[in-house]
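As the structure is a prediction and not an experimental result, all values here were calculated from the model.
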Amino acid sequence: MPVRRALFWLLLPLMIPQALRVRRTAPRFAGASGEDAGVCDVAVCDGDAPRLRILAIGDSIVAGVGAGTMDGALAGATAKALSRRLVTCVAWRASGRIGAGVVSLHSQLLPQVPDEAYDAVVVSVGVNDITGLHRSGRWAESLGECLDALRQRFPDATILLAGMPPLEGFPLLPVPLRWLFGLRGKTFDALARREVACRGNMLFVPLDFDPSPEKFAADGFHPSRASYAEFGEALADALTPHMTVVR
């Protein structure tokens, strides 16, 4: 990891012209439309049917950029997949903001979440801290503080942190900039995994997928709606053994 850090900062000055060009020309997509809360699957939610509650909190992935509508974004897709596996209704809520990093998640998004109990909290954060050139050591400290705050706020929830996506394959990023950010992503991914490992009742789910162009929305940076569905399936796979449905 120290070698990756040193290599990143050594090569970064050479990539600044590319980075500035991407920042200037990159398309800016809005978040998904629709309500930021819902229920899946309504077919099994009649009367006093069992219900699980999940919260997704974090960056533009939670805000649903590229998904079209919120029910197809991260929270909705995970709820749908979890509902199918457990044959129960799952209520979901999304608290996401385009451009959010770990500090704004902790200080701004978390205080805005309604005071409800959740069975699972899904966290997506880190890419904006990478592209914002945050120092990795300080980022890891901030992530740990954020995870502790989430645990204090939701003591009974299973907290799931999604890993860093393979930035080295993002179509928006030109070569060699994408390679450099991919290198940085691996450093942040290892730090995130470490912060989760030293805490109880938390899961780390790596985003290990083939970053082929069809996996992305038209901006070449965010997932397509189909990729959100795949993402939700992976998170539901990780969460299912930890969910208890009282019938």
Show the nearest heavy-atom pair for residues [X] and [Y], with the distance to one decimal.
X: Pro171; Y: Gly220; answer: CD-O, 3.2 Å
X: Phe188; Y: Gly126; answer: CD2-O, 4.3 Å
X: Asn128; Y: Gly99; answer: ND2-C, 3.3 Å
X: Pro241; Y: Ala238; answer: CD-O, 3.4 Å
X: Phe231; Y: Ile61; answer: CE2-CG2, 3.8 Å
X: Ala192; Y: Leu161; answer: CB-CD2, 3.8 Å

How about [X] and [Y]: do any of their side-chain heavy atoms sit closer than 4.5 Å?
X: Arg151; Y: Asn201; value: yes
X: Leu172; Y: Asp219; value: no
X: Met243; Y: Asp119; value: yes
X: Arg184; Y: Met164; value: no
X: Arg153; Y: Asp115; value: yes
X: Thr78; Y: Leu160; value: no
X: Leu191; Y: Leu143; value: no
X: Arg138; Y: Ser142; value: yes

Measure the [atom1]-[atom2] distance between [X] and [Y] for me, rounded to the nearest 0.5 Å.
X: Leu110; Y: Ile57; atom1: CG; atom2: CD1; result: 5.0 Å
X: Leu82; Y: Cys40; atom1: CG; atom2: SG; result: 10.0 Å
X: Ile159; Y: Leu147; atom1: CD1; atom2: CG; result: 6.5 Å
X: Leu150; Y: Leu105; atom1: CG; atom2: CG; result: 6.5 Å
X: Ser136; Y: Ile130; atom1: OG; atom2: CD1; result: 10.0 Å
X: Asp129; Y: His134; atom1: CG; atom2: NE2; result: 5.0 Å

According to ring pair (Phe, Tyr, Trp, His ring centres under 6.0 Å), who are the partners of Phe204, at least two apart in sequence or on a separate chain?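 Phe204 satisfies ring pair (Phe, Tyr, Trp, His ring centres under 6.0 Å) with no residue once adjacent residues are dropped.
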
Residues that Tyr118 engages under ring pair (Phe, Tyr, Trp, His ring centres under 6.0 Å), provided they are two or more places apart: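 Expected list: Phe154.
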
Does the [X] side chain pair with the main chain of [Y], one donor and one acceptor, at a distance under 3.5 Å?
X: Ser104; Y: Ala100; value: no
X: Asp189; Y: Gly163; value: no
X: Thr240; Y: Ala236; value: yes
X: Ser224; Y: Ala67; value: no

Lys/Arg-Asp/Glu bridge criterion (N-O < 4.0 Å) met for Glu233, Arg84: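 Salt bridge between Glu233 and Arg84, a charged N being under 4.0 Å from a carboxylate O: yes.
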
In chain order, what residues pass the salt bridge (charged side-chain N to carboxylate O under 4.0 Å, His left out) check against Glu116, with sequence neighbours excluded?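 Per chain and number, Glu116 pairs via salt bridge (charged side-chain N to carboxylate O under 4.0 Å, His left out) with Arg53, Arg93.
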
Pairs flagged by salt bridge (charged side-chain N to carboxylate O under 4.0 Å, His left out) wherever [range] is involved - sequence neighbours left out:
range: residues 200-215; result: Lys215-Glu230
range: residues 196-207; result: Asp148-Arg199, Glu195-Arg199
range: residues 62-72; result: Asp71-Arg225

With a 6.0 Å cut-off (strictly less than), is the heavy-atom count around CD of Glu35, excluding the residue itself, greater than 12?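 Check fails, neighbour count at 12 or below.
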
Should Leu239 and Val122 be marked as a side-chain contact (heavy atoms from CB on, under 4.5 Å) after you check the CA-CA gap, both sets of side-chain angles, and the distance that decides it? CA-CA 10 Å; Leu239 286 171; Val122 175; 4.2 Å; yes

Is there a side-chain contact (heavy atoms from CB on, under 4.5 Å) between Val102 and Glu145 once you walk through the steps? CA-CA 9 Å; Val102 69; Glu145 293 166 359; over 6 Å; no

